[in-house]
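Heads up, the thing below is written out as structure tokens.
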Amino acid sequence: MSVDRHDGDAATGADRLGVPAPRSEAAAAERFAVRSAAALLGAAAVGIGFGVLTALVRARWEPMQTADQAVTDSLVSVVAEHRILRNILTGITDLGGTGTLVLVLAVCGLWLLIRRLPRLAVYVVVTGTGGLILNPIVKELVARLRPAVETPLYSADGWSFPSGHAMSSLVCYGVVLLVFVPTLQAVPRRAVTVFAVLVVASVGLSRIALGVHYLTDVLAGWLLGSLWLGLATVAFDRWRGDARVGNAGPLPGDVPTADEDDLRPVPLRHAPTLPHPWRGIGELAVAWVLLVGGLVGIGTLVRAPEAGNPVWRSDHSIVATLAEHRNPTLTSILGVFGELGDTTAVITVALIVAALAVGLLHSWRPALFLGIALLGEITLFLTTAAIVDRDRPQVPHLNPDLPPTASFPSGHVAASLTLYSATAALLWAATRRRRHRLLSAAIILIPALVGVQRIYVGAHYPTDVIGAVLLASIWTAIAWLVIDPVETSGQSTQAHVHPAAESDGRLPM
């Protein structure tokens, strides 16, 4: 996509001297002309296609409306008969929701800022946000009603044309592809591109199958999204040229050279992610087995018969006291922390932390550390809970959908403590700045409040929370020692510290 901006001047100088342009320059100019013509034709086709669809929708052309309704009705009737399919489509459509896309844009923008590429960060945020803003404007101008279906499957507000999910997902995932995918090798580059295309296509089709958009709404969303993405990318290219920016990183779609490691997750030449993988796997396996044995032993003690068990009496007394002093305000406040320990929240935060940690440390080790810590935690929790099989506290539960057993240990506390303690440890070790270390200390308060919330709602005993703390803290410490996520040996991380950070001994933030 990028072009040497001095080619034109060089060619003009050669012509004035009567010297023919070098063969390489002529070939480059020929390729540029072909690509420019193809891009112009493509943009014209997309623009005309969107204009025709808009005109037909505004004119309420009956054959198109009939076909649209028939497609929607046929897909909705199939989905309505299969609850699992409906749940799958609902999950897919959420990938194109505003909340998900804003989160993706924010993480990508912050990642680029960490790598000191502010102009690319502006391109990502402005292009993605522009798509989110442009869609409702066009919807208001067209003002097409949403489909009327016999069996409503999904609720959606606003106008129907064009599909916001289809357009915004194409723009947001497209801009991420243009910036990051060129840094990959050929095979993974194609795989990631195909995966992103499938996600965008699935989001659009899910909107039709759930009965909230017509086929033409989705097609128009894809066309308008492609047009906006192309125009924004060209505008960014021209902005860089007019501003004479020389070191803002490669253009979107460019493949960086071997020296341009700022945009790559890790440099082309880096230390092994895990120098001795089999030894590490063996150490983790031995620790996992020993930890399961210890947790099962503790769980067996705390679930002994109630009459002669002082631990159970103390447990029950604390839970019963909290249940008697519940009030709506405290329930709402603690409910926030309960959500932070939920599986969906833990996975989402883990992905964000892993991406930003890789961006900060130029290494895959932080992501590997988080993955092993959370995988070990969930397997330890499931195994221990199945063996101990402790009943829930005998008080009214604020979460009546909880299973009756699996009280020891607390899964919410174990997962949240693993994630947030690992995050705090990475932040503490990666920077010497006081405010960041204070933040890492504050992060540890989250799993503590998650534990209070689980006891408060009657889901767990205090000893369940203590068991979860032992599980998460010991396993996370073991994963840290085995993986060495910040490479305390200094062999790789320190070799790739940004030059601006060398003077004060701090990693770039």
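In this text the structure is predicted, and so the values were computed from the model without any measurement.
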*Please step through side-chain contact (heavy atoms from CB on, under 4.5 Å) for the pair D217 and W159, ending with a clear verdict.*
CA-CA 10 Å; D217 299 336; W159 302 110; over 6 Å; no
*Are any of the side-chain heavy atoms of Y123 and T233 separated by less than 4.5 Å?*
yes
*For the student: nearest non-hydrogen atoms of L340 and V346, plus distance*: O-CG2, 3.9 Å
_Let's go through V197 and Y173 carefully: what are the C-alpha distance in whole Å and the side-chain angles of both, what is the deciding distance for side-chain contact (heavy atoms from CB on, under 4.5 Å) to 0.1 Å, and is it a yes or a no?_
CA-CA 9 Å; V197 170; Y173 295 126; over 6 Å; no
*Identify the heavy atoms of S363 and R365 that sit nearest to each other, and give their distance.*
OG-N, 3.1 Å
*Considering all heavy atoms of both residues, which atom of S421 and which atom of I444 are nearest to each other, and what is their separation?*
CA-CD1, 3.6 Å
*Could you give the distance from CG (L53) to CH2 (W61), rounded to the nearest 0.5 Å?*
10.5 Å
*If we only count heavy atoms from C-beta on, is the V199 to S169 side-chain gap below 4.5 Å?*
no
*asked:* Is any side-chain heavy atom of F180 closer than 4.5 Å to one of L112?
replied: yes
*From L103 atom CG to T348 atom OG1, the distance as rounded to the nearest 0.5 Å*: 7.0 Å
*Kindly say whether V126 contributes a backbone atom to a donor-acceptor pair with the side chain of T129 at under 3.5 angstrom?*
no
_Closest contact, heavy atoms only, T418 versus A472_ = OG1-CB, 3.3 Å
*To the nearest 0.5 Å, tell me how far L370 CG sits from I352 CD1.*
12.0 Å
*Has the side chain of R119 got a donor or acceptor atom that lies under 3.5 Å from a matching backbone atom of F236?*
no
*F369 side, atom CZ; D484 side, atom CG - distance, nearest 0.5 Å*: 10.5 Å
*asked:* Are the side chains of R144 and T216 in contact, using a 4.5 Å heavy-atom criterion?
replied: yes
*Looking at CG of D342 and OG of S416, how far apart are the two atoms once the value is rounded to the nearest 0.5 Å?*
11.0 Å
*Run the side-chain contact (heavy atoms from CB on, under 4.5 Å) check on R189 and V192 step by step: do they pass?*
CA-CA 5 Å; R189 186 190 313 164; V192 171; over 6 Å; no
_Is any side-chain heavy atom of M167 closer than 4.5 Å to one of L134?_
yes
*Measure up the F50 and F161 rings against each other and bin them: parallel (under 30°), tilted (30 to 60°), perpendicular (over 60°).*
parallel
*Is the closest side-chain heavy-atom distance between V79 and H82 below 4.5 Å?*
no
*Rounded to the nearest 0.5 Å, how far apart are CG of L229 and CG of L178?*
5.5 Å
*What is the minimum heavy-atom distance between T72 and P147, and which atoms define it?*
CG2-CB, 4.1 Å
*Do the side chain of W228 and the main chain of T127 share a donor and acceptor less than 3.5 angstrom apart?*
yes
_Backbone of H165 reached by a side-chain donor or acceptor of S168 within 3.5 Å_ = no
*Would you say Y420 and T476 make side-chain contact, with heavy atoms under 4.5 Å?*
no
*Going by heavy atoms in the side chains, are L89 and Y154 under 4.5 Å from each other?*
no
*Just by distance, do the side chain of T100 and the backbone of D94 share a donor-acceptor pair under 3.5 Å?*
yes
*Kindly give the heavy-atom pair with the smallest separation between G225 and L170, and that separation in Å.*
C-CD2, 3.6 Å
Distance-only donor-acceptor pairs under 3.5 Å for side chains of residues 200-214, two or more places apart:
residue	atom	partner	partner atom	Å
S202	OG	L198	O	2.7
S206	OG	T93	OG1	3.3
S206	OG	S202	O	3.4
S206	OG	V203	O	2.6
R207	NH1	T93	OG1	3.0
H213	ND1	S160	O	2.9
H213	ND1	S160	OG	3.3
H213	NE2	R146	NH1	3.2
Y214	OH	Q69	OE1	3.2

